[in-house]
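Only one structure is covered here, and it is reproduced in the block below.
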There are 2 protein chains.
Amino acid sequence: MAGQQRADSIERRSGVSLWRQIADQVLHSIAAGDFAENAALPPEVALAERYGVNRHTVRSAIAALVQEGVLRAEQGRGTFVLSRKRLSYPIGARTRFSTGLQGQTSERHIVLLASAIEPASQRVAEGLGLAKGTEVIRLETRGEADGRPVSRAASWYEAKRFAGIDAVMTETGSITASLKRFGIDDYLRQSTVLSARHADATDLAALNLQPGAIVLVAVAVNVTPDGRPIQFSETRFPAERVELKLSAL
Amino acid sequence: MAGQQRADSIERRSGVSLWRQIADQVLHSIAAGDFAENAALPPEVALAERYGVNRHTVRSAIAALVQEGVLRAEQGRGTFVLSRKRLSYPIGARTRFSTGLQGQTSERHIVLLASAIEPASQRVAEGLGLAKGTEVIRLETRGEADGRPVSRAASWYEAKRFAGIDAVMTETGSITASLKRFGIDDYLRQSTVLSARHADATDLAALNLQPGAIVLVAVAVNVTPDGRPIQFSETRFPAERVELKLSAL
DNA sequence: ATGGATTTGTGCGTATGTATT
DNA sequence: TAATACATACGCACAAATCCA
């Protein structure tokens, strides 16, 4: 953004330590493109002065980011940015995990983390057009690209119609391929609601995130071309690694 | 979500004090609908046990949320939730601020916060199909619904073609109406990229948020029906107050 | 090769904030 | 409310690595 002056501000007694706030500011600056990749950060004394804190405090922030794999510090030379670009994840009527990321990553796949049969909750039942309490299968999956987790999804299917989809999913490693086994050759995104929130403890573990990380949440209903709901899903994307690109719905 | 066990976990030495973490967890629980509106929170001793901390620590968390206007504590009765539901903001080919929120709010309008003429930055120039450095007008606006800020947008227009749009905007209070004055009867969303991040200092001020709040960021290019770019925009939505509902693009 | 400037790394004493008992 | 332990933040000083004139 042109003509934007520095608006960093550090707040004391906020419940968040100064070093953590500074670390977050630095992450934000990197994301905003203030530092080119592999470029040097301003020296510790400069950062300390900019944020109005002691150099030790800045050092704590840098140490945390080094630990998180964002920065690399070299004695006598400086501190350097290691971070990578965000993946651009397409969201459209026919988005499929593997096809959408072509060209951005060399390797991508989905792992099945868990599955269970359970009675449909209110919102799952509504999404799938079933009565509340109808048995549904829940699949918990994680999408990875170049070895990094980029999505975590819970998806629900009517248990009667898709019995054994968990085993098929393990075998094929693809939702699209699994649905084909059940006679679903094509499906469309009927509705999608997006929100964002802090990652909860399960997100942190499944997506390998640091406390305080943000997840984008997409709740979607997928239907067959003739409009029958087949899947209700809630997908969480780590906001620091993924952006969502809307295409024709 | 059915059958979901409690997964809250508190981390020590993370740079975020325990009371702040617990406050965030409570916010999260409220957002997830664990407590009905105006319902009582579990008593302090129960919360202390759930999170594995001392009751003093829980009290600090509650005090902070009372301070932030999220909870109300009454001696001898309990602690109660004050927060409201999130607005569902439609994102589609023809989304307009005022029309999309009908039925959810009784009052809504846009305020022009600032405007400026400036040379187009790289990304603005790309979005509008102009040469970098071409003069553009930037409008900074805030959307409000029922007196609460629900969006903050920066939008750019070619200065030559839309000279004086800032004054028109002040007069009409509507982007759509302002563009009509310049002969634009219809426009479409050509591309949209969504991401999420922590609110920066300017977001906190403009949207009246607490430090650590999350904003959903939508970067969009709007075009005339024949495909000419007329507007490049970056809109920030406070994630705690707004969700985005995708409709046909 | 030398010296000075710059930058990160380390040590220590003190004060304050946080959390438990 | 008080005592205790630990984390956070500061100030000062100096060491070690790097860079450049």
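Proteins come first, then strands; the chains are lettered A, B, ... in the order of their sequence lines, and each starts at number 1. Small disclaimer: the values here were computed from a predicted structure and weren't measured.
- Y157(B) and S155(B) get closest at one heavy-atom pair: OH-OG, 3.1 Å.
- Separating the CG atom of L71(A) from the C1' atom of dT8(C) is a distance of 13 Å, rounded to the nearest angstrom.
- In summary, D166(B) and R138(B) do not engage in a salt bridge, as defined by a charged side-chain N under 4.0 Å from a carboxylate O.
- Put simply, the side chain of D146(A) gets close to the backbone of E107(A): a donor and an acceptor are under 3.5 Å apart.
- Considering all non-hydrogen atoms of both residues, V242(B) and Y89(B) come closest at CG1-CB, 3.7 Å.
- Between R236(B) and E234(B), at least one side-chain nitrogen of the basic residue sits less than 4.0 Å from a carboxylate oxygen of the acidic one, meeting the salt-bridge criterion.
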Task: Nucleotide-resolved protein contact map, nucleotides 13-21 of chain D, B/S/- at heavy-atom distance under 4.0 Å - done: B--BBSS--
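- Following rounding to the nearest Å, R59(A) (CZ) and dC12(D) (P) show an atom-to-atom distance of 18 Å.
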Task: Chi angles and distances behind the side chain to side chain contact (heavy atoms under 4.5 Å, CB included) call for E126(B), Q122(B) - done: CA-CA 6 Å; E126(B) 276 178 17; Q122(B) 182 66 39; 2.9 Å; yes
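- Atom-to-atom distance recorded for I62(B):CD1 and L41(B):CG is 6.0 Å, nearest 0.5 angstrom.
- Across all strands shown, S60(A) has no heavy atoms under 4.0 Å from either base or sugar-phosphate atoms.
- Residue N54(A) contributes atom CG, which lies 16 Å from atom P of dA15(C) at whole-angstrom precision.
- Recorded end-axis angle for the helix from dT2(C)-dA21(D) to dT21(C)-dA2(D) stands at 10°, based on five pairs per end and rounded to 10 degrees.
- For R241(B) (side chain) and P149(B) (main-chain N/O), a donor-acceptor pair under 3.5 Å exists by modelled atom type.
- In this structure a side-chain-to-backbone donor-acceptor pair under 3.5 Å is present from R142(B) to A206(B).
- Counting to the nearest Å, the P atom of dA9(D) and the CD1 atom of I62(A) are 14 Å from each other.
- Whole-Å rounding puts the R20(A) CZ to dT18(C) C1' distance at 18 Å.
- V45(A) comes within 4.0 angstrom of nothing in the nucleic acid, heavy atoms only.
- Rounded to a whole Å, the CD atom of E44(A) is 11 Å from the P atom of dT10(C).
- Here the P atom of nucleotide dG9(C) and the CZ atom of R72(A) are 12 Å apart, to the nearest Å.
- The V53(B) side chain lies nearest to dT20(C) when the options are dT20(C), dT8(C), dC10(D).
- A close approach under 4.0 Å does not occur between any side-chain nitrogen or oxygen of S17(B) and OP1 or OP2 of dG17(C).
- The W19(B) side chain lies nearest to dT18(C) when the options are dT8(C), dT20(C), dT18(C).
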